[in-house]
Trainee: 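Quick one: the structure is below, questions incoming.
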2 protein chains.
Amino acid sequence: MAADKRVSDLLRENGLKATKGRVEMLGLFLKAGRPLGQMQIMEMLGLKLDRASVYRTLNAFTEAGIIHMAYVNGRHRVYELPDKCSGRNCHPHFSCRSCGMTACLEGFQVRYKGNLGKGFVAERQKVLIEGLCPDCKEK
Amino acid sequence: MAADKRVSDLLRENGLKATKGRVEMLGLFLKAGRPLGQMQIMEMLGLKLDRASVYRTLNAFTEAGIIHMAYVNGRHRVYELPDKCSGRNCHPHFSCRSCGMTACLEGFQVRYKGNLGKGFVAERQKVLIEGLCPDCKEK
DNA sequence: AGCATGGATGCGACATTATTGCAATAATAA
DNA sequence: TTATTATTGCAATAATGTCGCATCCATGCT
């Protein structure tokens with residue numbers, strides 16, 4: 001598959017060996033276009049990869065900067081491609097406090113005003129807006 | 001102790017029985033003036049309460065709205081009084097990506113612009129700014 | 001292409017955080 | 001004071017994530 005070749009190159013450019021599992025996982029992120037957690041990844045891949053490998057790959061991708069942890073939903077860490085985030089300006093997410101459904105909020109701008117304090121360096125911001133989704137609002 | 005009486009009343013006003021453990025825990029939050037996690041609470045109370053009770057109490061307080069979960073630090077959930085948050089305008093936190101140190105950012109304003117979308121209701125926002133603290137910046 | 005090598009994988013064991021069931025206990029209302 | 005009912009403590013269990021180690025395989029070299 002030609003797409004796999006591009007994914008492999010992307011991995012190597014970031015100093016990572018292009019193993020089968022990694023190519024599949026990165027392919028998932030590229031196709032999905034939405035945040036993914038370990039469980040979802042395993043299910044989407046048909047449980048072909050070991051749990052430990054998925055975790056290790058997520059960590060490797062994160063260290064390499066290929067993905068980043070978007071937010072924590074309950075006990076689940078959810079990752080995504082950083083392509084919609086420019087450095088310290090990550091796009092926010094919405095989370096329903098009732099059903100746990102989460103979504104990216106694009107076209108949403110967050111600005112903050114104030115000083116962090118002497119010596120602090122801000123690298124990025126994570127914004128999570130909590131509330132009710134349309135379904136849960138009904139009840 | 002007179003302070004305990006006030007704390008007990010605060011609990012009953014929120015529909016919670018004023019048990020010894022709850023009074024002590026809520027007292028901690030009121031005195032601390034900073035975010036607390038389960039482990040810190042146990043240590044501050046000298047391990048007098050059972051782990052399960054601390055977790056159940058944190059959940060009860062959260063449901064009652066007496067406290068809320070400020071952020072997740074690694075695997076630790078950290079709670080705080082919502083007194084510095086007015087509804088949908090919670091104060092942000094800073095977290096050092098190197099040493100894990102976290103702090104409340106008061107005197108910091110966050111504004112966001114955009115529409116959530118049809119039917120969504122925003123109840124509050126959580127903002128976490130990640131970066132380096134002065135100590136870790138040195139290295 | 002074949003081979004060497006070091007990183008990646010799979011597996012099981014372990015660590016950590018959080019929740020649950022149940023009997024005993026304590027806080028509230030009468 | 002007593003009855004009622006929620007809460008606690010304890011142990012067991014769940015859920016998420018990490019680690020060690022033997023094996024495997026992607027890569028670079030010849």
Side-chain angles (χ1 to χ4, degrees), chain A residues 1 4-27 35-43 45-64 66-79 100 102, chain B residues 1 4-27 35-43 45-64 66-79 100 102:
Chain A
M1 211 173 178
D4 284 359
K5 175 78 171 65
R6 281 204 306 278
V7 175
S8 299
D9 289 343
L10 183 53
L11 285 168
R12 280 185 282 259
E13 282 164 23
N14 284 279
L16 296 172
K17 274 192 186 176
T19 63
K20 226 160 79 175
R22 286 176 176 175
V23 172
E24 289 194 67
M25 275 182 61
L26 185 48
L36 298 175
Q38 171 264 337
M39 231 159 43
Q40 285 169 294
I41 291 170
M42 302 271 304
E43 283 168 11
L45 293 180
L47 304 170
K48 274 187 295 185
L49 267 71
D50 187 73
R51 229 175 53 250
S53 296
V54 172
Y55 283 120
R56 279 187 286 227
T57 299
L58 287 172
N59 288 338
F61 283 6
T62 301
E63 272 181 51
I66 299 179
I67 61 174
H68 70 158
M69 200 186 66
Y71 54 87
V72 178
N73 193 10
R75 296 192 198 171
H76 304 266
R77 299 178 191 175
V78 184
Y79 299 80
T102 33
Chain B
M1 213 171 173
D4 284 358
K5 176 77 171 65
R6 281 205 306 278
V7 175
S8 299
D9 289 343
L10 183 55
L11 286 167
R12 286 188 208 101
E13 281 164 25
N14 284 279
L16 295 172
K17 276 192 186 176
T19 64
K20 227 159 79 176
R22 286 177 176 174
V23 171
E24 288 194 67
M25 276 182 61
L26 185 47
L36 297 175
Q38 171 264 337
M39 229 159 44
Q40 286 169 293
I41 291 170
M42 302 271 302
E43 283 167 10
L45 293 181
L47 304 168
K48 275 187 294 186
L49 266 72
D50 187 71
R51 232 174 47 250
S53 296
V54 172
Y55 282 121
R56 280 188 283 226
T57 299
L58 286 172
N59 288 337
F61 283 7
T62 301
E63 272 181 51
I66 300 180
I67 62 174
H68 70 159
M69 200 186 65
Y71 54 86
V72 178
N73 193 9
R75 297 192 197 168
H76 303 268
R77 300 179 190 174
V78 184
Y79 298 81
T102 33

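Below, read A as the first sequence line, B as the second, and so on, with proteins coming before strands; counting in each chain starts at 1.
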Trainee: For A:Val54 and A:Leu49, work out which heavy atoms get closest and say how close.
Mentor: CG2-CB, 3.9 Å
Trainee: What pairs of residues pass the side-chain hydrogen bond (donor to acceptor under 3.5 Å, both in side chains) test when at least one of them lies in residues 10-21 of chain B, not counting sequence neighbours?
Mentor: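 The answer is B:Asp9-B:Arg12.
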Trainee: Below 4.0 Å from chain B heavy atoms, what is the first contacting nucleotide of DNA chain C and what is the last?
Mentor: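 Listing 5' to 3', DNA chain C meets chain B from C:dT16 to C:dT28.
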Trainee: Test: salt bridge (charged side-chain N to carboxylate O under 4.0 Å, His left out). Region: residues 49-62 of chain A. Which pairs qualify, not counting sequence neighbours?
Mentor: none
Trainee: Could you tell me which non-hydrogen atom of B:Leu58 sits nearest to which non-hydrogen atom of B:Thr62, and how far apart they are?
Mentor: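 Closest heavy-atom pair between B:Leu58 and B:Thr62: O-OG1, 2.7 Å.
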Trainee: Only counting residues at least two apart or in another chain, list the ones meeting side chain to side chain contact (heavy atoms under 4.5 Å, CB included) with B:Val78.
Mentor: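 With neighbours one apart ignored, the set is B:Pro35, B:Tyr71, B:Asn73.
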Trainee: With sequence neighbours left out, write down each residue that passes side chain to side chain donor-acceptor pair (under 3.5 Å) with A:Ser53, or none if nothing qualifies.
Mentor: none
Trainee: Which residues pass the side chain to side chain contact (heavy atoms under 4.5 Å, CB included) test with A:His76, sequence neighbours left out?
Mentor: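 Partners of A:His76 under the side chain to side chain contact (heavy atoms under 4.5 Å, CB included) test: A:Met39.
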Trainee: First locate atom CG of A:Asn59, then atom CE of A:Met69, and finally report the distance between them rounded to the nearest 0.5 Å.
Mentor: 10.5 Å
Trainee: Can you measure A:Asp50 atom CG to D:dG20 atom P for me and round it to whole angstrom units?
Mentor: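 Distance, rounded to whole Å: 16 Å.
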Trainee: Roughly how bent is the helix from C:dA1-D:dT30 to C:dA30-D:dT1 end to end, in steps of 10 degrees, with each end axis from five pairs?
Mentor: 40°
Trainee: I'd like to check the ring-ring contact (aromatic ring centres under 6.0 Å, His included) partners of B:Tyr79; sequence neighbours left out, ordered by chain and number.
Mentor: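 For B:Tyr79 there are no ring-ring contact (aromatic ring centres under 6.0 Å, His included) partners, ignoring immediate neighbours.
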Trainee: Give, ordered by number, those residues of residues 51-58 of chain A having at least one heavy-atom distance below 4.0 Å to an atom of DNA chain D; if nothing qualifies, reply none.
Mentor: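 Within this stretch, A:Arg51, A:Ala52, A:Tyr55, A:Arg56 sit under 4.0 Å of the strand.
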Trainee: In chain order, what residues pass the side chain to side chain contact (heavy atoms under 4.5 Å, CB included) check against B:Phe61, with sequence neighbours excluded?
Mentor: B:Leu11, B:Leu16, B:Arg22, B:Met25, B:Leu26, B:Thr57, B:Ile66, B:Ile67
Trainee: May I ask you to list the residues of residues 12-22 of chain A, by number, that have any heavy atom positioned under 4.0 Å from an atom of DNA chain C?
Mentor: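 When residues 12-22 of chain A is checked for heavy atoms under 4.0 Å from DNA chain C, the hits, listed by number, are A:Lys17, A:Thr19, A:Arg22.
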